[in-house]
Each structure stands twice: as structure tokens, then as C-alpha cells.
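Only a predicted model underlies this, so the values are computations on that prediction, with no experimental measurement involved.
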Amino acid sequence: MAKLVTLTIDGITVQVPPGTNVVDAAKKAGIDIPVFCYHPKMEPVGMCRMCLVEIGRPVVDRATGELVRADDGSVKIQFSPKLETACTTPVSEGMVVINTSQKVKDGREDILEFLLTSHPLDCPVCDKGGECPLQNLTMEFGSGQSRYIYDEKMHSAKHVPLGDLIYLDRERCIQCARCVRFQDQIVDDPVIGFYNRGRALEIVTYSEPGFDSIFSGNTTDICPVGALTTADFRFGARPWELNAAASICTQCPVGCNLTINVRREAISQGRMAIKRIMPRQNEWVNEIWICDKGRFGYHYVESEERLDQPLVRKDGKLTPVSWDEAINLVSMRFKQAGSNLLTLVSGRLSNEDLYNIRKLTDSLNGKSALYTQMGGGDVVAQVGMSTGSNLANLGKGDVILVIATDLHQEAPIWWLRVKQATERGAQLIVANARSTRLDRYAKYPIRYAYGEQNNLIAALVQLIDPQKFVDAKAIKHLSEQSIIKDTAEALKAAQNLVIFFGNEGSGVADSQVLAQTCAILLATTNHAGKPNNGLIPVWQRANDQGAWDMGWRPPTDLSTSIKEANALYIVACDPAGDDPRLSLTPDFLVVQDLYLTPTAKLADVVLPALPFTEREGSLTSGERRVQRYYPAIPGRTGALADFAIAAQIAKACGITLEERSAAKVMDAIARENADYAAISYTELANVEEQWPIIGRADLYYGGTSYENKQGLGMQLQNAVQKGEPFQISLPELVEQSGEGLLAVPITRLYDRGNTLIPSQLLRTHLVSTVMWINAKEAKQQGVEEHDVVQIECGETSALVTVELEDAVPDGVVLVPRSVGIPISEPCRVRLHITERV
Amino acid sequence: MKTEHVLLRHRDHPEINELENYRKIGGFEVFRKVVTTMQPNEVIEVVKSSGLRGRGGAGFPTGLKWAFVDQKNWPHYVVANADESEPGTFKDREILEGNPFQFLEGVAIASYAVGARAAYVYLRGEFWQIAHQLDRRIQQLYHAGLLGERLFGTDYSLHIFTHLGAGAYICGEETAMLESIEGKLGQPRLRPPFPPSFGLFGKPTVVNNVETLTNVPLIIERGAEWYRSFGTEKSPGVKIFCLSGRVKRPGNYELPLGTPFRKLIYEYGGGILEDHPIKAIMAAGASSSLIVANDPALDTPMDYESVPSLGAQLGSASVIVVDDTVSIDWLINKTVHFFRHESCGKCTPCREGTFWMMHLTDRITAGKASWQDVELLKDVASQMRGKCFCALGEFSIEAVLSGIERFRGDFEARVKG
Amino acid sequence: MMLDDLARGLATTLKMMFEKPVTIQYPEEKRRVRTRFKGRHHLQRYENGLEKCIGCSLCAAACPADAIFVEAAENTDEERYSPGERYARVYEINMLRCIFCGYCQDACPTEAIVLGDNYELSFTDRRQAIYTKEMLLDPVPPGGQPTPQRTPSGVYTRSVPVMKDPSD
């Protein structure tokens with residue numbers, strides 16, 4: 001470890017690693033130096049001049065190299081005649097920093113006076129008021145009077161929409177460049193920049209549509225004034241009027257920590273309403289960032305369409321009934337069905353829901369099935385990310401392999417963390433059939449044909465350990481490619497290895513095999529079980545990992561399982577909506593969900609559930625971190641939490657399950673599930689001080705992300721880390737075959753799932769019913785851009801509009817999930833043009 | 001007084017802006033000698049001994065700058081600063097139009113000395129015609145085998161490119177110039193690191209003024225001692241003084257450093273128009289402190305050490321002369337307008353301060369201000385001092401503060417009440 | 001002696017009989033309130049009818065009794081309630097909480113909320129204590145238009161008016 005540097009700030013001695021700048025060193029000493037343009041997660045630029053302090057350095061005799069001392073033996077300190085910017089000055093041994101002298105205070109007053117000369121008198125109408133660094137610093141250091149004449153103020157455009165999510169007020173902008181640097185340095189998406197010069201320096205957007213970045217909302221957190229504000233929170237409320245609740249995002253398996261701000265609303269007769277979603281700091285998961293989907297995609301919980309009472313089909317119509325009636329009917333029919341009961345759940349549910357529902361099903365001898373298009377959760381339990389892991393630890397000497405997934409669209413914050421790891425020196429291998437946005441950071445971008453993903457990993461295993469596969473015929477052509485050989489070398493030499501795997505180009509079975517092969521790769525290279533090593537699944541839903549951990553498994557064939565069941569209990573999924581040809585005609589169908597989905601419309605009983613904002617629960621992220629979320633608003637009357645509903649049904653069936661407290665359900669899980677033995681709601685609420693220190697009184701330092709006072713979550717150990725034997729068998733290698741056009745479903749960030757469609761704000765971003773094809777293939781198939789085409793897969797078909805996209809491989813068309821195209825895994829298709837524009 | 005010019009040699013030899021004429025007077029022989037017989041560090045030593053200092057305004061010892069180039073980081077670049085935008089400066093233009101080949105030879109020798117194989121000439125956007133001509137001349141050098149690959153049978157190659165700015169004075173600041181060449185917003189960079197360690201495209205770069213580089217061929221040819229025979233001990237050599245303002249004969253005058261103001265203004269410049277009494281001297285263009293033009297000042301030698309005793313800087317030696325027909329408040333209104341227009345906007349004090357000062361000086365010259373506004377102007381300028389990111393902001397206040405302090409009467413006459 | 005004191009006392013009483021009574025026969029007679037009397041709140045308008053209130057919630061923040069509830073919304077030129085970008089869509093004062101301190105009046109940047117002279121505020125149901133914006137808003141002054149108004153673009157861009165020199 002490098003030797004620490006000792007310096008004194010305002011009389012307080014502090015020791016910090018060399019290379020730390022004075023602002024951060026002061027923060028470590030508990031002293032706040034005001035800043036505007038500096039942000040602890042970005043390189044300093046020294047532009048705003050707010051952090052000017054007096055800096056003195058020990059005098060060194062040029063001839064002897066010795067420190068010059070005064071008569072009393074103390075080291076002579078030479079202060080620079082000019083103030084220096086603390087953010088751009090790295091610490092040096094024996095440095096003396098003065099932060100509280102009159103000279104420094106005058107300097108701050110001067111800079112604030114300059115900033116306020118053309119800053120508009122907007123505080124009463126500005127959304128930032130109340131959490132504004134400029135306001136706070138002006139109160140602390142500014143002069144009480146303005147010497148500037150109002151008529152000479154420069155006026156600029158106000159309320160300029162940069163895209164439809166972010167508004168820019170050019171008059172308020174203090175040209176600190178934090179937003180521009182965030183987009184450029186942190187998310188590598190420079191869609192905004194400076195234009196013009198001098199006093200006329202202004203922010204413009206270069207993309208069409210404007211500010212086209214999935215991380216755009218973060219700039220409103222770090223903007224130190226009200227120049228960048230979100231359209232979502234515009235005039236929503238004052239920050240001091242808001243209550244805060246800690247929550248976890250449920251849109252993807254990253255599990256970003258959120259703070260949900262709520263306030264009572266007059267328009268709904270005093271109901272508590274969610275005003276905005278802000279990031280909560282968790283340096284193990286999402287640091288202080290969240291993507292726009294998580295930030296703006298919460299409106300579904302407030303939709304009018306939400307169910308608020310149980311419904312029972314009487315005379316062919318779904319009629320509202322009391323909970324008692326519904327529960328009695330359900331329990332009676334479930335008991336009757338017994339082993340012919342099939343329960344189908346999805347990863348949208350919390351661990352507690354999944355546990356209770358599983359216990360209920362098991363106690364009735366029913367069958368349980370996980371509704372998913374991706375397998376491998378049990379493999380992850382063996383070789384997933386283990387305790388002590390943090391993607392931020394990856395850097396030089398480490399390797400990250402990303403296969404069969406488009407992280408930018410499926411798990412944006414993981415995309416960001418992987419990118420940042422490569423900037424710290426980690427080597428990235430990106431394997432996919434098409435190029436994705438992660439390629440540009442990859443040392444080894446690998447292309448393969450859809451379906452070959454497992455063979456690719458097997459080829460890597462074979463190159464590292466030639467004894468592994470007995471019959472390697474299927475992978476020979478892969479192991480001979482030089483890039484694959486280089487990749488194998490890199491994997492062997494890696495200090496740490498993290499593998500992200502997804503299900504692009506595969507269904508449940510194939511992705512299960514892919515997971516197994518990836519696990520074998522981890523074991524072969526001796527990385528399994530160590531911290532900062534492991535297999536990370538890019539699930540489609542937030543808590544698929546929790547579902548697997550709670551014992552849920554996808555059925556071998558969903559339609560067969562459904563046909564064989566007499567009673568169906570479908571929770572938090574919509575199979576009929578996803579695939580209209582699926583025949584859902586059991587004797588008794590119970591659907592438990594938030595809305596009247598197409599599946600619910602077929603039900604005999606509909607049970608209304610609560611969304612995550614109105615109840616407690618815990619989720620297990622793809623990195624196997626268990627995190628708890630707290631209720632933000634009171635639950636709508638009439639709906640209950642999924643675990644509570646299951647417990648009530650159980651009670652009516654004579655089975656005892658915890659009904660009221662999610663914490664107690666977690667305790668039950670801990671007793672039964674060895675992996676979760678150490679988890680409790682108390683443990684999940686533990687916090688520790690994180691670096692950088694964000695969200696305290698000095699809002700100017702890190703922005704308005706919230707400090708995490710409610711829980712950092714707990715990372716589970718994986719089986720290998722616990723010392724259990726590695727139990728994954730070698731899969732069979734299959735040569736790929738098949739002719740004809742292959743349609744592959746892919747996940748887009750702004751999909752048309754039930755949790756995004758109700759968002760008016762994101763409406764224009766949502767993917768439409770399109771089919772992506774490259775120009776050459778289009779010509780071969782005889783289709784042109786904007787054609788409306790019928791895409792036929794087996795007995796189903798759907799109408800799609802053709803869009804040309806270079807990155808699509810030959811012989812392949814890509815279709816988005818969730819728009820009603822009933823293709824959930826790759827299949828061969830035929831195209832028929834129905835309409836040419 | 002010397003008879004032959006060192007820099008403005010086109011005034012002695014006709015049409016040496018044609019390559020064949022320049023070669024006739026020995027042009028590019030020095031470069032050939034340097035490449036074929038001298039080591040790069042030998043060249044640096046000669047330039048160091050000559051005492052040549054940067055002629056763009058900073059006055060930094062050129063040889064020392066060349067020696068600072070980081071030998072562990074490659075490749076190296078040389079960038080010639082032809083962004084000449086300081087008001088009252090027009091010397092580089094005359095060199096580029098009249099004696100371009102000596103300048104290019106200077107660039108070439110400098111490149112060899114620091115191991116650069118590519119050099120850029122950054123010209124202000126308004127010099128686009130000069131840039132086109134320079135491109136033509138560079139092509140002539142390629143045809144003559146004086147630029148390109150494997151020069152003179154050695155393995156040294158050199159390419160020179162011109163690059164046009166787009167109308168920004170701030171791009172004359174060396175790090176802003178590098179940003180501009182890289183295609184980015186023309187704003188200065190944080191220093192340290194300095195260009196000799198981290199410059200163009202992150203590589204060690206030497207940025208020199210046109211005039212500085214034009215000195216180099218004759219320094220190498222005739223020796224450091226010869227160069228030191230002009231000027232003073234600490235400011236050796238010759239300088240082109242750009243005389244302008246209220247004088248009878250404005251223009252470029254190449255004189256040894258240490259020539260007193262009086263000689264330049266009265267002997268060469270012919271004195272003040274209509275023989276008015278002289279009032280003030282701006283020695284460094286708009287970035288100057290105003291020098292009260294009394295006898296001691298006029299007798300002060302124009303070199304980097306003596307001028308500071310008058311509370312001013314020599315800078316780029318763009319001597320603007322002011323007489324009693326000029327009211328100082330009007331004068332600083334002009335300079336403040338200039339700096340407000342040219343401020344890049346990166347740092348708060350300059351961006352806001354120049355804008356504020358402009359409003360104040362506008363009101364003062366319009367007669368709509370009170371003495372409080374003059375005090376406020378002084379305050380604003382003082383508030384900017386020591387806080388700006390680069391020299392533009394720091395120097396923008398010099399004329400204002402020195403003007404108010406040394407020519408108080410002009411302001412008192414202007415304010416109401 | 002004792003009679004002296006008694007006489008003095010009775011004399012005082014007699015004197016009082018002939019003095020003008022200060023009793024005012026309320027409600028037939030009502031005394032004018034003093035300047036700066038803090039009575040019922042009202043939201044003022046500009047002369048052209050636009051509301052002064054810009055929905056900034058500073059009054060709600062200043063209120064020591066948490067009596068004010070404000071929800072803001074966006075002005076458009078087609079539907080303009082106040083000058084500038086922002087207006088109060090919901091403005092409620094709970095008169096049972098209010099202590100008539102006038103801090104809201106002091107905090108308001110546009111002189112929108114002021115405490116007027118009306119002190120006759122009794123009601124019989126708790127719910128009647130919530131004064132809504134309709135109840136608080138001043139009537140449209142003569143020559144003005146009611147809100148929402150349709151205004152030309154680019155004219156009403158400033159939320160906070162130029163404040164007069166407080167030393168005036």
C-alpha cells in the first residue's frame with residue numbers, strides 16, 4: 001500500500017492516499033470546501049473557482065533539499081500569493097490548507113456575486129429551490145445585497161426541452177459543465193455540449209431526439225442549480241414537503257437503490273402520491289446513478305386501471321366480491337385440485353411472496369412453475385457473485401465476459417459498471433451474434449451465429465483444459481479462431497473473472513445449458529467461489545434470482561403443464577397476453593396481479609395485489625445481493641401484498657403461513673433456506689459510511705442523490721464459497737443446424753410491459769411492433785423499410801413494420817419482446833408482405 | 001543601430017517570400033546543416049545560450065521550453081502560434097506575408113531540435129488567405145525536398161500542416177490552441193501538466209510564437225553570441241515593435257530590445273499626430289497596464305526587466321500610443337469590450353466579470369454613471385484578480401485598474417455629480 | 001375620613017356616568033380596523049386580472065402552524081393564471097391551524113397572499129375551516145379579465161415583479 005500523505009486543513013491533521021485532491025482530503029477530515037464544478041465521481045476541471053483556498057507548502061532549501069525551519073523548529077510554510085483551487089490541487093506532504101480566513105471568505109463572496117449577476121430571480125418558481133447548492137452557498141458565503149443592475153442582466157431561453165424528459169433553463173445555468181462531463185466521461189454519450197462562448201456559453205443537445213441518453217436523469221441530480229430539471233417532477237412539490245422512503249427498483253435485475261419521495265395530493269382527495277424517484281447511494285450496486293427507466297417508469301403503480309377488489313366470475317361476468325368470499329372459493333377449489341394445481345409465478349414478486357406461494361402450493365401437493373424465458377438460476381446459486389464482491393473492484397488484470405445479452409438495454413447500470421471497469425484496465429470480452437453498445441470497450445469482441453453461444457464457451461473451456469470435453473467435434477471450428485484462442489489466454493491469466501450471461505438467442509433450455517458451461521469455465525480457470533468472481537445472470541425481471549433461490553423452476557413445457565392442470569394459480573405474469581395461442585382453459589383459473597391483464601380477463605377469480613411501492617419485501621439481485629424495500633405510500637384499500645394473499649388462502653386451507661409481516665416471512669425463509677440463513681430484515685437495514693460522502697448538508701459536493709440510511713443489503717455466499725462441492729455436469733455439445741430465416745426476440749429498455757405502458761412521459765420512447773433486419777437480408781427477403789409484414793412462426797403470426805438495422809446478422813430478424821409478438825425464443829419464420837408504404 | 005534586419009528581411013531583400021529568392025540568401029541551408037550535422041540537443045543548447053525568449057508575450061526562455069519536452073513520451077509536436085489576435089499586434093502577419101520561409105525554416109529547426117516529425121501552424125481564422133498562401137509555400141518545400149520523408153538522406157522526416165482557427169482570441173492561449181486543433185471547444189486546459197509533458201493529443205508539444213521561431217535560423221547560422229550582441233543582457237536579441245495609435249508613422253519596427261520608448265515613438269514613429277502631447281502608452285496591446293507617458297517613462301528601455309518598473313509589462317510589444325485627444329474611460333471601454341467578446345466562458349470571474357465591466361464602462365462613457373459606478377468598476381476588476389483560470393481574465397483588468405488609478409481625472413470629468 | 005374616600009369614589013362613578021361610552025354596539029356598529037390588522041387572507045390579482053400567486057410555497061414554508069397547502073402547476077399562454085411559468089393549482093389554508101401571524105404575507109415574493117381586514121370568520125363544521133383557492137382569490141378588478149386567460153406569447157414571462165426599493 002502506498003504511503004499516506006499527511007496534511008493540515010484548518011488545523012486538523014489528516015492522512016490520505018497520494019493523488020487525493022484537497023477537496024476530498026478536506027471531506028475526509030470532516031471539513032466542507034464549497035464547490036460547483038467539482039464532483040467526486042468526475043475529473044476536476046477547476047472552472048467555477050468556488051473552491052479557492054489558501055494553500056501553503058513547506059519551504060525546501062534548493063541547495064540541500066532540506067526543509068527550512070523557523071527558530072522554534074517548526075517547518076516554514078510558504079503560502080502562495082494567489083488563492084488556489086482545492087479541487088485541482090493534489091495533496092503534498094506537509095501541506096497547510098486554510099479554509100476559513102477572511103481572504104478565502106472574500107474570495108467566495110466574490111465568486112458568488114459573479115454567479116448571481118445574470119442568474120435569474122427564479123427561486124420561487126424553480127424546482128431546485130430547497131435543495132439548491134447555489135442557494136445554500138449564497139446564504140452561507142454570499143453578500144446580502146446585489147450591486148448589479150437588473151436591466152443589464154443577460155436573458156436567455158428558459159424552459160427549453162432537451163428531449164421530452166429533461167428541461168433546460170439557460171438563464172439559471174452557471175456553466176459548471178457537470179452535465180456535459182457526466183455525459184462524456186461517465187456514460188460516454190456526449191449528446192449535450194457547450195455552444196458559443198463567454199457570457200453566452202450555453203448547453204445544447206446534439207442528438208435527435210434531444211438528449212437521447214438513457215442516463216439523462218442523473219444530470220438533474222448533479223446540476224448545482226435549477227438549470228436541468230425533470231419533466232416528471234416539474235412543479236411537483238418543494239423538497240421539504242416530501243417524505244422519503246427507501247426502495248429498490250424492480251425494472252431489471254441490477255436492483256438499484258431508490259428513494260421514493262411522496263406527498264399528499266389534493267387532486268386525489270388527499271391520497272399520498274409519489275412525486276419523484278431519486279437514487280439512493282449504494283456503492284456496491286448502483287453508486288449514485290439510476291437509469292431513466294427506473295427514474296421515470298414508476299407511474300404504473302398509480303394507474304387508474306389497478307385492481308382494487310377481488311373479482312369472481314358469476315354468470316360469465318367478473319363481479320366484485322369481498323375478500324372472504326374470494327378466499328373461500330379459491331381455497332375450496334385448490335384443495336379439490338390437490339396435485340392437479342399448477343402455480344405459475346414470475347420474478348416480479350418479492351422473495352417473501354415467492355416463499356409463501358411455494359409453501360402453499362407444496363402443502364397442497366400442487367406443482368409449481370416459474371414463468372421465465374431464461375434458465376440457470378440454480379447454477380448461479382453455486383457460482384454467482386459471492387460475499388465481498390463489488391464490480392467497482394474490477395480493474396487491471398481482471399477479465400469480464402459478457403455473452404448473449406445487450407447490457408445497455410437490459411441492465412443499464414451493469415453496462416455502466418462494466419464500462420468503468422474497462423477504464424480501470426479490466427479486459428472485456430463481448431460475445432454476441434450482433435454488435436451492441438458494449439463492443440467499443442471490448443478488447444475481444446466476438447461474433448457467433450445465434451445458437452452457438454454455448455459452443456463458444458465450451459470452446460474456451462476446451463482451449464484452457466483440453467481434457468474437458470471428450471467429443472469436441474461440434475466446437476472445433478470455434479477453437480481454431482485466433483480471437484477465441486486469445487480470449488482463452490486472457491481468461492487463463494485473469495486475476496478475477498466475472499461472466500454476465502443472458503438469453504438473447506436462446507430459450508429456457510439453451511440458456512440453462514449456457515449457464516452451466518459458463519460455470520464450468522469459472523471452475524476450470526479456478527475463479528469460482530472467490531470474491532469479485534462469479535456468474536451474473538441478466539434476468540428479464542428483477543427477482544428471477546430470488547425465484548430460483550426460493551425453489552422455483554421453469555417447466556419443461558409450459559403449455560403441456562398448463563393443459564395437465566385442473567386448477568391454475570397465476571401470479572404476476574400474463575401468459576395469455578404474451579402468447580395468444582396459449583390455451584388457458586383449466587377448470588379453475590385464479591389470477592393474482594395488479595391489472596386486469598388478458599390472462600386475468602379469462603380468470604374465474606381475480607385477486608388484486610399491491611405493487612412494490614405500497615408494501616415491504618426483499619429482492620435478490622442478479623449479483624445475489626438481497627435488498628429490502630420499504631413501503632412508500634399506503635396500500636390501496638382492497639389490494640393486499642402477494643405473500644399476504646397466499647397466506648390467507650393457506651389459512652383457509654388449514655395451513656399456517658405468516659400473513660402480516662414480511663420480516664417474519666424472511667425469518668421463515670432463513671430457517672429453511674441455508675443460503676439465506678444469515679438474512680434478516682434487521683441485517684438488511686445495516687448501513688455503513690460510504691465514500692464519497694453524498695447526500696449530507698453539503699448538497700454541492702455530490703448532488704441530490706440521497707444518503708443511504710435504510711440499508712445496503714447483504715450479499716449471499718455462493719455454494720463454492722461455502723465449501724460445497726461443485727455440482728455442475730458437463731453439458732452435451734450440439735452442432736447447430738436449421739435452415740431458413742431465424743427470428744430472435746430481444747429485450748429493449750423501453751418495452752411495452754405492463755410496468756411501462758401507463759407512463760405517459762415515456763410513451764414516445766416505447767418500442768413499437770417492428771422487425772429489425774439488415775439491408776442485404778431485406779433485399780433477399782424482398783422487403784423494404786416501412787413495409788408491414790406478417791411474420792409467421794409455426795402456427796402463430798404477427799404484423800410487424802420493417803426497420804433496417806445494420807447490426808442484425810444475415811439470416812436473422814430481430815423482434816422486440818413485450819409488444820405482443822408471440823415469439824419468446826428463437827424460431828424459424830416466413831415473411832409475407834401485407835402493406836407497402 | 002543595425003542596418004540589416006534579422007526578422008523583417010523582406011525589407012532588405014526583395015521577394016524572399018518566393019522560395020528561390022529565399023534560398024539565394026542562404027535560406028534552408030541552416031536547416032540542412034542542422035539535420036545533417038547537429039544533434040537535437042546541440043541545437044537546443046545554442047538557442048538556450050542565445051537567450052531567446054518567447055515573443056508572443058510571455059517571454060519564457062525558448063531553449064528552456066524546448067529542453068522540458070518529455071523524452072519518455074512520444075511522438076512530439078511543434079505548434080507555431082499564428083493566432084495573432086492581441087489588439088495592436090500585426091508583426092506575425094508581416095512575417096507570414098513577407099518572410100514566410102524564414103519562419104518555416106524556424107519551425108523546421110525547432111521540430112528537429114525537439115524530435116517532432118509533425119508541426120502545425122495554427123493561424124487565426126481571419127488569416128485564411130495567408131493560410132492558403134502558406135499551404136502553397138509548404139508544398140513548394142515538399143517539392144524542393146526540404147520537407148517530407150527522409151530529409152537530406154537522413155532518417156529524419158518532417159511534415160508541416162496549417163490549421164485555421166475560427167475567430168477566437170482565446171485560441172492564442174497555448175492550451176486552448178491545442179484544444180482547438182484537436183477539434184474541441186477552444187477553452188484553456190488545466191496546467192499542470194504543461195504542454196511539454198502533455199500537449200497536443202496528450203503528447204509532448206512545444207508551442208512557440210511566429211516571431212520567436214523566425215529568429216531561430218539566423219541564431220543557428222550566426223551563433224548565440226551574435227544574437228546576444230543585440231539587446232540587453234537579460235533580454236537579448238531583436239524584437240519587432242508594433243507601433244500604433246496616435247502616431248504619425250504606425251507600423252512594425254524591428255529594433256534591439258532595450259531601445260527606449262522615446263526612440264520608437266518619436267524617432268521611428270515620427271511623434272504624435274499634430275504634435276499633441278503624449279498621454280499614455282500601452283506596451284502590451286489591450287492586455288497592458290497604462291503607462292503614464294512622462295519623461296522617465298519615455299526614457300525607459302523596452303525590455304522584459306525595465307518595463308515592470310513602470311507598473312506594466314512589455315508583453316508582445318504592441319505599443320499603442322495615446323495622446324490627450326483620447327479620454328481614458330473611452331479607451332478602457334474599448335479594451336473591456338474586446339475582452340468580454342473574447343472571453344471563453346470557462347471560469348466564473350472572467351465570464352461574468354468582463355460582462356459586468358462592459359456594462360459599467362458603457363454607462364461611464366455614456367455619461368450615465370456616478371462616481372460610485374467607477375468605484376464599483378474598480379471593485380469588480382479587483383475581484384477578478386488572482387481568481388481567473390487563464391491569463392485572459394487576469395490581463396483584462398490591467399487597463400481598467402491602471403486607468404482609474406493613474407488617470408483619475410478623465411473619469412472624474414465623465415461622471416455626473 | 002371614610003366619608004371623604006366614599007365621596008371621591010362616588011364622584012368618580014358620577015363622572016363616568018357623563019362620559020361618552022366607549023362601548024360599540026356590534027354588530028350594528030363596527031369599528032374600522034387599524035392598518036396592518038391581520039384578518040382573513042386573500043390572494044391578490046394584478047390589474048389585468050392575472051393572479052399574483054405563483055405557487056412557490058414560500059408561504060407554506062414560512063407558516064409556523066403548517067396551515068397552508070400549495071400545489072403548483074404549469075402556465076401556458078393558452079391557459080394562463082399568473083405571469084411566469086408557475087401558478088398555484090391548489091391553494092388551501094386551514095383556518096383552524098392559522099394563528100394569523102402574517103409570516104405568509106412577509107414571505108410572499110409577489111405580494112399575493114395578504115391578510116385583510118375581515119375578522120368575521122366563524123363556521124360550524126370543521127371542514128368549513130379549509131379555505132380553498134376559490135374562497136381566497138380576490139374578485140377580478142374592474143378592467144381585468146378572469147383567469148384562466150388567453151395571453152399573447154412572450155409577454156408574461158416574469159414571475160417575480162420588479163420590487164420597489166425597500167428604502168423608499
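- Taking chain A as the reference chain and counting heavy-atom pairs below 4.5 Å, the highest number among Gln187(B), Arg385(B), His341(B) is found for His341(B).
- Heavy atoms closer than 4.5 Å to chain B are found in the side chain of Leu52(A), but not in its backbone.
- The candidate from Met47(A), Lys82(A), Glu109(A) with the greatest count of non-hydrogen atom pairs under 4.5 Å with chain B is Met47(A).
- With a threshold of 4.5 angstrom between heavy atoms, Asp362(B) does not approach chain A through any atom at all.
- Under 4.0 Å is where a charged nitrogen must lie from a carboxylate oxygen, and between Glu182(B) and Arg189(B) at least one such pair does.
- Looking at Glu394(B), its side chain does come within 3.5 Å of a backbone N or O of Cys388(B) through a donor-acceptor pair.
- With hydrogens and angles disregarded, a donor-acceptor distance shorter than 3.5 Å links the side chain of Glu84(B) to the backbone of Asp92(B).
- Between Asp169(A) and Lys158(A) there is a salt bridge, since at least one side-chain N of the basic residue sits less than 4.0 Å from a carboxylate O of the acidic one.
- Using a 4.5 Å cut-off between heavy atoms, Met154(A) contacts chain B through both its backbone and its side chain.
- Contacts between Pro81(A) and chain B at a heavy-atom distance below 4.5 Å are absent for every atom of the residue.
- Side-chain contact between Phe194(B) and Asp70(B) is absent, with no heavy atoms from C-beta onward closer than 4.5 Å.
- For the options Gly386(B), Gly353(B), Cys344(B), heavy-atom pairs under 4.5 Å to chain A are most numerous at Cys344(B).
- Interface remark: Glu342(B) contributes backbone and side-chain atoms alike to the contact with chain A (heavy atom separation under 4.5 Å).
- In this structure, Arg340(B) fails the cation-pi test against Phe355(B), since its NZ or CZ atom is not both closer than 6.0 Å to the six-membered ring centre and inside 45 degrees of the ring normal.
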